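A short worksheet on the structure shown next.
In what follows, chains are A, B, ... by sequence order, proteins preceding strands, each numbered from 1. Quantities reported herein were computed from a predicted structural model and do not represent experimental measurements.
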Amino acid sequence: MLAYLIRRLLFAPIILLFVTFFTFVLGHYGPGDPVVILMGQQNNPEVVERIRKERGLDRPLLPTLENWSVFPPALSVQPGQYVDYIWKVLQGDLGESSTLFRGQQVSKLLFQKIAVSAQLGLLSLLIGVSLGMILGLAAAQNQGKWIDPAIVTSALFLSSLPIFVLQPFLVLVFVRWLHILPTSGWGGILDPRIIMPAIVMSLGPIGIITRLMRSSTLEVITQDYVRTARSKGLPELAVRIHHIGRNSILPIFTVVGLSLATLVGGSFVTETLFGIPGVGRLAVDSFFARDYPIIMAFVLITAVAYFIANLIVDIGYSYLDPRIRLN
Amino acid sequence: MQSEGRPTSTTKIIALPDRRRGEGLATLALRRFRRKKLAMAGLALILAFYLTGILAPLLAPYSYSAQNLDASFERPSAEHWLGTDRLGRDMLSRIIWGARTSVIVSAMSVITGTLFLGTALGVLAGYLGGKVDTLIMRVADIFLAFPEILLVILIAATLRPRMIGVIQNFEDATGFKGLVESGAADYFLIFGALSVFSWVGIARLIRGQILSLKEREYVLAARSLGASTRRIMFLHLFPNTINLLIVMVTAGLGGSIGAELTLSWLGIGIQPPTASLGVMIWENQSLSQLQTHPHVLLSVITLVTVVFFAFQIFGDGLNDALNPRAR
C-alpha cells in the first residue's frame with residue numbers, strides 16, 4: 001500500500017512536467033504574439049521588442065549553453081523560459097496575466113474563478129448523483145420490463161447530447177413559454193440563475209451513474225450474502241441499505257471522485273453558454289487572448305486536480321472493498 | 001492501475017440459449033441484432049446521415065455559402081424547405097453540407113485514432129507486456145492528465161496556421177487548387193487533433209481484453225505449436241477483440257461528431273463560411289433570435305438530437321447483441 005502510494009507520487013511530477021512542457025511548447029510556437037495582441041492597433045516594433053525583452057520572451061525555450069570559450073575558459077548556462085517558469089511555479093508564483101487581465105496575479109484570478117465553478121459543479125454533481133442513483137435503482141428493480149431500457153437509454157442519450165444543443169430547447173420551454181427561469185448570468189449558488197446551468201451540467205453524471213448503479217445493483221442482488229441476510233430475517237430496508245446499498249455504491253464512488261476534479265476545472269461550454277464567470281470561461285477567453293500564463297496555470301492546476309482525484313478514488317476503493325489490492 | 005485492481009467477474013461458461021446448431025457467433029449476433037427494431041431504426045438513421053454527408057454536393061439544392069440579403073430569416077417554403085438564416089443562406093443546404101463535415105471528421109478520426117492507433121497500441125501493450133506496456137500506458141496516462149478536450153483545443157488552435165502553410169505549399173508544388181479554400185486544412189487539423197486524443201480509451205480497453213485473453217488455453221496451444229508472436233497477436237488475439245472494437249467504433253463515431261460540434265461551436269474547429277453544424281448552432285443561438293426566428297436554430301438542433309439518439313439506440317442494441325453477458 002505504502003509502496004504503491006510512493007510510486008504513484010513519484011510518477012506525478014513526471015506527468016506534470018510532460019503536460020506543462022507540451023502546453024508550453026504549443027503556446028510558444030503557436031500563432032499570435034501576446035505582446036502584439038497587448039499593444040493593439042498602435043504597435044511600435046521597437047516597443048514590442050522592448051517588452052519582449054523585459055518579460056524575457058526573447059530568450060530560448062530550453063536550457064542552452066552561452067558564451068562558452070576554451071581560452072580563457074568561460075561558460076554560462078541560460079536556463080531558458082521553461083525552466084524559469086517551472087522554478088517560479090515551485091516557489092508558488094504562477095506569474096501575471098499577460099493580456100486578458102493585464103498585470104493581475106494569475107493565482108488570485110484562478111482562485112476567484114474556481115470559487116465560482118466549484119459552486120456550480122457541486123450543485124450539478126449533487127443533482128446528478130442523487131437523480132442518477134434513483135434512476136439506476138429504479139431501472140434495476142424493473143429489469144425485464146420496458147421501463148428498464150427506457151430509463152437507461154434516455155439517461156445515456158441526454159448525457160451524450162452537447163450542452164449547447166440542449167440549451168435552446170430548455171430556453172424555449174422554460175423562458176419563452178413558461179416564463180419561470182432566468183436565462184443566463186451569475187449570482188452565486190443561491191441565485192435562481194444557477195438552476196438551468198446546474199441541471200444541464202448534471203446530465204453528464206446522470207447518464208454514467210444511472211448505468212453504473214443499475215449494473216452494480218443487479219450484480220449485488222444476486223449475491224449469496226443478500227440471500228443470507230434475507231433468510232435470517234433481516235428487515236427488507238436493512239438488507240437494501242446495508243447489503244445492497246453499500247456494495248452497489250462502490251462504482252459510483254469512482255465517478256463522484258473523478259468529478260471532483262471538474263469542480264476545479266469548470267466547464268468550457270456551460271460557462272461560456274450561460275455567461276458564468278468561472279474557470280472554464282477564463283480558460284477559453286485566455287485562449288483567444290493568447291494569455292499563456294493563465295493557460296499554463298489552468299493546465300497545471302487541472303492536471304494536479306485530476307491526479308489527486310484519481311489517487312483518492314484508488315485508495316478509497318481499496319478501503320471500501322478490502323478484496324482489492326493496490327499494486 | 002485502476003483497472004488492474006478491480007475484481008473482474010469470473011469467466012463463466014454460459015450456454016447461449018438462442019444459438020442454433022452449427023451457427024457461428026457472428027451470424028448469431030447478426031440475427032440477435034436484427035430482432036431489435038429500435039436498434040435497426042437507429043442504424044437506418046445513421047446510414048441516412050452518413051449518406052447525406054457523402055452525397056452532399058448532389059443533394060444540396062443551393063451552395064452552403066450563397067447569400068441573399070433580401071431573403072434573410074425566411075420561413076420554410078417550397079423554395080427553401082427549412083427557411084434561410086440571417087444572411088439569406090438556404091438552411092437545408094447548409095445542414096446537408098454541415099452533415100458532410102461531421103461525416104468526414106468523425107470517419108477519419110475513428111479510422112486513424114480508434115481503429116489504427118488505439119487497436120495497434122492496445123494489442124502491443126497487452127500482449128508484449130513489460131517495458132512496451134509500461135511505456136504505452138504511461139504515455140496514455142499523460143494524455144489522460146489533460147482536462148476535458150483541452151489537448152484537442154490546444155493542438156487545433158496552435159497548429160492551424162502551420163497546417164494552412166503546409167497545404168499551401170502542397171498546392172503550389174503539385175498544382176492542385178482550391179484545397180485551402182475548401183477548408184481541407186480545418187478538416188485535417190480537427191481529425192488529427194481528435195485522433196491524437198482518441199486512441200487512449202480504446203487502447204486501454206483492448207489491452208485489458210488482451211491481458212485476459214492471452215492466458216487462455218488456445219493461446220498456449222498456439223504457442224506450443226510454434227506460432228510466431230505476430231501470428232498469435234493478429235490471428236488469435238485480435239479477432240477476439242472485434243466485438244469490443246465494433247462497440248467502440250460506434251461510440252467513437254458519435255463521440256467525435258460531438259467533439260467536432262463542440263470545437264466548432266467554441267470557434268476553434270471548422271471556420272466559417274465552411275458549413276459545420278457546430279458553427280451553425282453558434283451563429284443562431286442568440287436569445288433575441290431564439291425569440292423571433294426560432295426555426296433557424298431548431299432545424300439544426302433537431303437534426304443533431306436525432307443523430308445522437310440514433311447513435312444511442314444503435315449502440316445499445318449492438319451491445320446487447322455482441323455482449324449478451326454484459327446485461
Problem set entry | Intermediate values then yes/no, side chain to side chain contact (heavy atoms under 4.5 Å, CB included), Asp141(B) and Phe11(A) | CA-CA 10 Å; Asp141(B) 281 345; Phe11(A) 187 56; 4.1 Å; yes
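- Atoms OG1 and CD, from Thr153(A) and Gln312(B) in turn, are 6.0 Å apart once rounded to the nearest 0.5 Å.
- Put simply, OG on Ser154(A) and CZ on Phe309(B) are 8.0 Å apart, with the number rounded to the nearest 0.5 Å.
- Atom OG of residue Ser160(A) and atom CD1 of residue Ile257(B) lie 10.5 Å apart, to the nearest 0.5 angstrom.
- Contacts between residues 293-306 of chain B and chain A, counted as heavy-atom pairs separated by less than 4.5 Å, involve Pro294(B), Leu297(B), Leu298(B), Ile301(B), Thr302(B), Val304(B), Thr305(B).
- Evaluated for a side chain to side chain contact (heavy atoms under 4.5 Å, CB included) with Ile142(B), the options Leu17(A), Ile14(A), Ile15(A), Leu16(A) yield exactly one hit, Ile15(A).
- Within a 6.0 Å radius of CZ in Phe169(A), other residues, nucleotides and ligands contribute more than 12 heavy atoms.
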For this session: List the steps and the verdict of side chain to side chain contact (heavy atoms under 4.5 Å, CB included) for Trp265(B) and Thr272(A).
Result: CA-CA 10 Å; Trp265(B) 186 85; Thr272(A) 311; 4.2 Å; yes
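- Between the Gln285(B) side chain and the Phe164(A) main chain, a donor and an acceptor come within less than 3.5 Å of each other.
- Proximity to chain B involves both the backbone and the side chain of Val19(A), based on heavy atoms less than 4.5 angstrom apart.
- Heavy-atom distances place the side chain of Val284(A), and not its backbone, under 4.5 Å from chain B.
- Chain B forms the most heavy-atom pairs under 4.5 Å with one residue out of Phe287(A), Phe18(A), Phe22(A), and that residue is Phe287(A).
- Residue Leu273(A) touches chain B through both its backbone and its side chain, counting heavy-atom pairs closer than 4.5 Å.
- One finds the CZ atom of Phe268(A) at 10.5 Å from the CG atom of Leu263(B) (value rounded to the nearest 0.5 Å).
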